[in-house]
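Letters A, B, ... are given to chains in the order of the sequence lines, protein chains preceding strands, and every chain is numbered from 1.
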Amino acid sequence: MLENIDQLIIFHLGPLPINATIFYTWIVMLVLVSISLWLTYHLKTHGEISKTQIIMEMIVMSIQKQIKDVANDNPVKYLPIIGTFFLFIAMSNLLSIIPWFRVPTASLTTTTAFACCVFFAIPYYGIKNAGLKGYLKKFIEPTPIMLPMNIVSDFSSTFSLAFRLYGNMLSGVVISSVLITLAPFIVPLPMQMLGLLTGTIQAYIFALLAIVYVSAVAPKESSQSTDTKGV
Amino acid sequence: MDAITLIGAMSIIAAALCIAIGGIGPALGEANVAANALRSMAQQPDESSNITRTLFVSMAMIESTAIYAFVITILILYANPFWNYVIEHASK
């Protein structure tokens, strides 16, 4: 009933087996890239602006506003990584209503890859924001006794990011497959609608937690205002 | 009772207990969070965007406990290492 999509081989690319996770990740990437290429082809700065450009600007602006509210910092710095996380996870979760589409985020390998990106982005943005010394100072705050705890918390936050997304998406898959075996018509529909809602919320939460972790070491000017945002 | 029956029965009982007990705490906690967030939003509607964001983050944090229980349940049901071990040895 519940098969691991990592072990589902779709086709072989030379000697390399391509499993369902990689294949459906490529599909999501293809959809996102082709939509963005198609829509950004006619961008204008003056004259009559098309509706699609306004929609795109709204998406980018709202992501920027969320980043600015949480990080208290210049949002353009974090926009590439956070916006990509949100759009990719939201797109792959929303595509789950298409029959036979296996959600790539319901596999632990995909979510672990995302979490690893966040794990390496934390020191990158920390050093960029506050310098090497300022970043390392994070580990001995509030006292040097907390050093092991701070190191462990970096790893555990990565694990929890990966497992949260994986567990939420997997639970949607499990619930709908159980309901399909019990009552194939109509009954799984409300759960799939709930799956769309939780998918969007999970994408939002992943991006939000990524901002919180990544902007934990703030530049010195605004350090007092970000203290309250630590979660 | 041989080992296969024992491990099979115990796995099912353990999975059920795991998700049942693991679900109680986060459910109560999330209910508490939602109730308090609604109360503060009713008191201060201007701050509702801030409260909603914090609500989502804390919901996600609380929910991860239930998610861990769920992952363990799925492991016990579909990728049980003891079950695989016993099946491997019984077939020899």
Side-chain angles (χ1 to χ4, degrees), chain A residues 1-7 62-63 65-72 86 89 105-108 111-112 115 153 156-175 177-178 197-198 200-213 215 228-231, chain B residues 8 11-12 14-27 29-34 36-38 40-41 44-81 83-84 87-88:
Chain A
M1 184 179 76
L2 185 80
E3 53 201 329
N4 191 349
I5 65 168
D6 290 339
Q7 287 156 5
S62 52
I63 296 176
K65 188 177 171 297
Q66 291 292 331
I67 297 176
K68 194 173 164 42
D69 284 351
V70 176
N72 260 341
F86 177 74
I89 297 172
T105 44
S107 147
L108 193 54
T111 57
T112 311
S153 87
S156 69
S157 62
T158 309
F159 280 120
S160 72
L161 265 185
F163 274 104
R164 179 176 307 116
L165 186 57
Y166 165 67
N168 270 297
M169 295 330 293
L170 184 70
S171 67
V173 173
V174 170
I175 288 172
S177 60
V178 166
L197 179 71
T198 48
T200 320
I201 291 180
Q202 285 309 314
Y204 176 68
I205 284 174
F206 191 98
L208 197 64
L209 287 177
I211 311 169
V212 170
Y213 294 144
S215 67
T228 51
K229 296 296 197 304
V231 179
Chain B
S11 298
I12 295 171
L17 281 179
C18 178
I19 196 65
I21 300 173
I24 293 174
E30 286 198 2
N32 223 341
V33 168
N36 279 321
L38 284 178
S40 34
M41 265 191 259
Q44 284 182 309
D46 295 342
E47 285 293 306
S48 60
S49 69
N50 256 330
I51 295 171
T52 315
R53 195 170 53 237
T54 322
L55 170 73
F56 276 129
V57 175
S58 33
M59 280 277 195
M61 289 283 171
I62 298 161
E63 205 180 44
S64 50
T65 324
I67 294 293
Y68 297 151
F70 172 73
V71 169
I72 298 292
T73 312
I74 290 294
L75 274 185
I76 294 175
L77 286 182
Y78 296 105
N80 195 335
W83 176 257
N84 293 344
I87 291 290
E88 213 169 81

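- Distance check: A:Ile205 CD1 to B:Arg53 CZ gives 13.0 Å after rounding to the nearest 0.5 Å.
- Under the salt bridge (charged side-chain N to carboxylate O under 4.0 Å, His left out) criterion, A:Lys65 pairs with A:Asp69, sequence neighbours left out.
- Between B:Ala60 and A:Arg164 the shortest heavy-atom distance is O-NE, 3.1 Å.
- With sequence neighbours excluded, the residues that form a ring-ring contact (aromatic ring centres under 6.0 Å, His included) with A:Tyr204 are B:Phe56.
- Contact of A:Tyr166 with chain B is made through the side chain alone, with heavy-atom distances under 4.5 Å.
- Heavy-atom minimum distance, A:Gly167 versus B:Phe70: O-CE2, 3.5 Å.
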Requested in this report: Applying side chain to side chain contact (heavy atoms under 4.5 Å, CB included), run through A:Asn168 and B:Glu63 and close with a yes or a no.
Outcome: CA-CA 9 Å; A:Asn168 270 297; B:Glu63 205 180 44; 3.6 Å; yes
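- Neither the backbone nor the side chain of A:Leu108 has a heavy atom closer than 4.5 Å to any heavy atom of chain B.
- Here CD1 of B:Ile67 is found 11.5 Å from OG of A:Ser160. Values are rounded to the nearest 0.5 Å.
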